[in-house]
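As structure tokens, the structure follows; a few thoughts come after it.
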Amino acid sequence: MNNLHRRMGTFSLTMVGLGSIIGSGWLFGAWRAAQIAGPAAIFSWIIGMVVITFIALSYSELGAMFPEAGGMVKYTQYSHGSFAGFLAAWANWIAIVSVIPVEAVASVQYMSSWPWKWAQWTHSLVVNGTLTGGGLAIASGLLIIYFLLNYWTVSLFSKANSFITVFKIIIPGLTIGSLLFVGFHSSNFTSTGSIVPNGWASVLTAVATSGIIFAFNGFQSPINMAGEAKNPGRSIPKAVIGSILIATVIYVLLQIAFIGAVNPSMIVNGWHHLNFNSPFADLAIALGINWLVILLYSDAFISPSGTGMTYTATTSRMIYGMEQNKYLPSVFGKLHPLYGVPRQAMFLNLGVSFLFLFMFRGWGVLAEVISVATLISYITGPVTVMSLRHTGPNLYRPLRLKGLSIISPLGFVFASLVLYWARWPLTGEVFFIIMIGLPIYFYYQAKIKWKGFRQNFLAGLWMVVYLLCMMAISYLGSEKFGGINVIPFGWDMVFITCMSLLFYSWAIKCGFKTEYLEQGKKINDDLRSKENKTAPQLNQSDAI
């Protein structure tokens with residue numbers, strides 16, 4: 001991206017991150033987490049925040065070093081070559097592009113329970129949590145709207161998103177206040193005799209599958225938009241960490257309000273029987289808060305649509321980045337000469353969004369797939385940032401993390417644990433989706449006559465072996481996480497922690513000074529010279 005298109009400041013980037021995090025996750029996440037873990041779902045959000053923060057810190061250093069469009073799909077290629085780079089990019093793209101249809105599904109699912117007489121026709125849009133033909137038609141229309149709002153310019157997207165994000169903070173705030181004031185039952189927190197009615201394993205599973213990781217996944221958006229940042233060295237880390245912390249406060253308060261607002265008669269037989277089409281709107285109707293009902297049904301379009309627009313923008317930058325890595329045809333790397341938008345990449349993502357929409361027609365199942373694919377892509381961030389400390393020690397680092405030797409391995413271990421908590425067979429199914437991308441990689445390797453293939457393949461082999469081992473442990477692990485109980489509960493997590501540290505060590509040793517690092521070095525040098533001109537006081541001492 002050229003300098004003409006760098007017009008997003010810290011506030012805009014924070015709004016991009018917050019707008020991605022507070023999407024359909026807030027409309028459904030509290031209900032799904034409570035259904036799985038009961039009142040202990042509050043702990044699930046806090047655990048999720050800790051996991052994501054460790055991972056996001058690694059990516060923040062990388063994003064500040066390489067402020068480029070679609071950066072999340074490029075970093076691993078700089079440190080480990082094309083094979084690991086492709087696997088990381090493919091997993092990341094699958095996880096992010098599938099968010100666009102899930103936001104459209106969320107809007108339609110809330111719409112299907114409109115309570116007014118004139119809206120009776122909406123009740124047939126969703127049956128048993130699955131979109132019908134009419135529901136698919138409306139969701140398809142929403143995908144096209146997201147697409148058009150990003151088609152012309154980054155500036156239009158930035159302005160629209162900041163406005164929508166402010167609205168998205170106000171509505172959850174009003175929901176929290178209303179539910180706490182009108183219908184709060186403190187007895188719900190211990191009604192089953194314990195705040196952890198389904199055991200601690202359920203608290204951990206909720207982190208992985210209820211939409212928590214899915215929601216926090218939005219921290220990536222400011223990093224993928226780094227190519228449009230005015231001052232990436234300062235604005236990216238502030239936007240990433242700031243959006244995570246603000247969102248955590250909102251989500252925890254929403255979870256507390258939701259648990260307290262449920263009618264005690266609905267959880268007599270346990271929290272897992274709790275079933276809603278439109279969770280917060282259904283609660284507001286039951287409590288007679290009519291003005292909130294209208295706001296919630298409005299926000300069911302605004303919140304997911306804001307996130308859908310954000311991800312439509314960021315995924316086009318990811319495809320642009322993958323083309324730059326030579327994983328896709330050159331047509332996807334073309335920018336519009338006037339607007340600076342990768343339009344061909346946007347068309348590809350629109351087509352893939354339609355595919356996901358028609359394959360997975362419910363919010364819950366899509367959120368689970370996205371969460372696991374996301375976690376697979378997360379394991380590379382901590383490895384990449386530490387490897388580059390060794391292979392690119394002289395790179396300019398506007399943000400240099402203190403304690404990275406502790407933060408990185410912990411981030412890797414946390415991502416591995418949450419991946420395991422997602423439960424078998426979901427883990428195995430998503431690993432298979434990731435492996436589907438390999439023929440594309442081998443096709444492009446054949447086109448360049450397998451130049452440097454051996455070194456690149458060996459440097460990324462750890463990732464394939466890691467995924468196969470994780471799949472095996474998921475199958476053999478505790479029955480609490482869907483396994484056959486060969487490795488009992490407790491020992492399974494000790495085993496994964498030790499195994500993760502071994503793979504982390506192997507992965508770091510596989511890092512080498514790749515040919516692609518020279519491309520990254522040019523971006524890094526441009527950043528250094530620009531910041532030296534505009535803000536000479538910025539130097540390597542800016543550290544967290």
Side-chain angles (χ1 to χ4, degrees), residues 1 62 65-94 97 224 227 315-335 342 344-345 348 352 376-377 379-395 431 433-468 503 505-526:
M1 294 281 177
L62 291 168
M65 285 167 65
F66 306 111
E68 53 185 322
M72 291 284 287
V73 298
K74 294 186 178 183
Y75 305 141
T76 304
Q77 182 169 266
Y78 293 157
S79 64
H80 285 75
S82 62
F83 185 54
F86 176 83
L87 284 172
W90 180 263
N92 197 263
W93 175 65
I94 289 290
V97 76
N224 280 319
T315 49
S316 67
R317 274 72 182 172
M318 293 173 79
I319 290 295
Y320 173 83
M322 289 173 76
E323 186 280 331
Q324 299 293 298
N325 288 355
K326 308 302 179 190
Y327 298 148
L328 292 172
S330 59
V331 67
F332 296 118
K334 291 181 180 178
L335 297 174
Q344 287 82 359
L348 174 64
V352 174
I376 292 172
S377 69
I379 63 168
T380 58
V383 166
T384 295
V385 72
M386 183 55 82
S387 294
L388 287 173
R389 286 281 183 95
H390 301 303
T391 58
N394 298 321
L395 289 168
F431 290 167
I433 292 172
I434 302 305
M435 293 303 175
I436 286 174
L438 285 179
I440 298 172
Y441 172 75
F442 292 128
Y443 170 75
Y444 278 96
Q445 287 300 299
K447 282 191 74 173
I448 61 170
K449 304 190 186 310
W450 307 96
K451 180 186 172 187
F453 173 77
R454 186 174 184 276
Q455 185 178 27
N456 283 282
F457 180 75
L458 290 175
L461 185 61
W462 68 268
M463 194 169 173
V464 176
V465 179
Y466 167 85
L467 290 175
L468 291 173
F503 271 101
S505 178
W506 179 14
I508 296 296
K509 288 175 182 173
C510 287
F512 67 102
K513 197 167 186 177
T514 67
E515 59 183 293
Y516 310 102
L517 187 56
E518 287 304 310
Q519 302 167 14
K521 191 173 182 302
K522 290 176 184 175
I523 295 165
N524 188 257
D525 288 343
D526 288 344

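Note that the OH atom of Y75 and the OG atom of S387 stand 15.5 Å from one another [nearest 0.5 Å]. Q445 contributes atom CD, which lies 13.0 Å from atom CD1 of I440 (distance to the nearest 0.5 angstrom). Atom CZ of R389 is separated from atom CD1 of I508 by 11.0 Å, given to the nearest 0.5 angstrom.
Across all non-hydrogen atoms, the minimal contact from A507 to V383 is CB-CG1, 3.6 Å. Q77 approaches T514 most closely through the heavy-atom pair O-OG1, 3.4 Å.
Taking the side-chain hydrogen bond (donor to acceptor under 3.5 Å, both in side chains) definition, one finds that T384 meets it with T76, S79, sequence neighbours left out. Scored by the side-chain hydrogen bond (donor to acceptor under 3.5 Å, both in side chains) test, W93 finds N349 as partners (sequence neighbours excluded).
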| request: Could you walk me through whether L87 and L438 pass side-chain contact (heavy atoms from CB on, under 4.5 Å), step by step? | output: CA-CA 8 Å; L87 284 172; L438 285 179; 3.6 Å; yes
| request: Please report the C-alpha distance between L388 and L62 in whole Å, then the side-chain angles of each, then the deciding distance to 0.1 Å, and finally whether the side-chain contact (heavy atoms from CB on, under 4.5 Å) criterion is met. | output: CA-CA 9 Å; L388 287 173; L62 291 168; 3.6 Å; yes
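Checking side-chain atoms of H390 against main-chain N and O of F512 turns up no donor-acceptor pair under 3.5 Å.
A ring-ring contact (aromatic ring centres under 6.0 Å, His included) with Y441 holds for exactly one of W90, F86, W450; it is F86.
No side-chain heavy atom of V385 sits less than 4.5 Å from a side-chain heavy atom of M65. Looking at heavy atoms from C-beta onward, I94 lies out of side-chain contact with V352 at the 4.5 angstrom threshold.
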Donor-acceptor list for residues 451-468 side chains, cut-off 3.5 Å, not counting sequence neighbours:
residue, atom, partner, partner atom, Å
N456, OD1, S82, N, 2.7
N456, ND2, G452, O, 2.7
W462, NE1, A459, O, 3.2
Y466, OH, S416, OG, 2.6

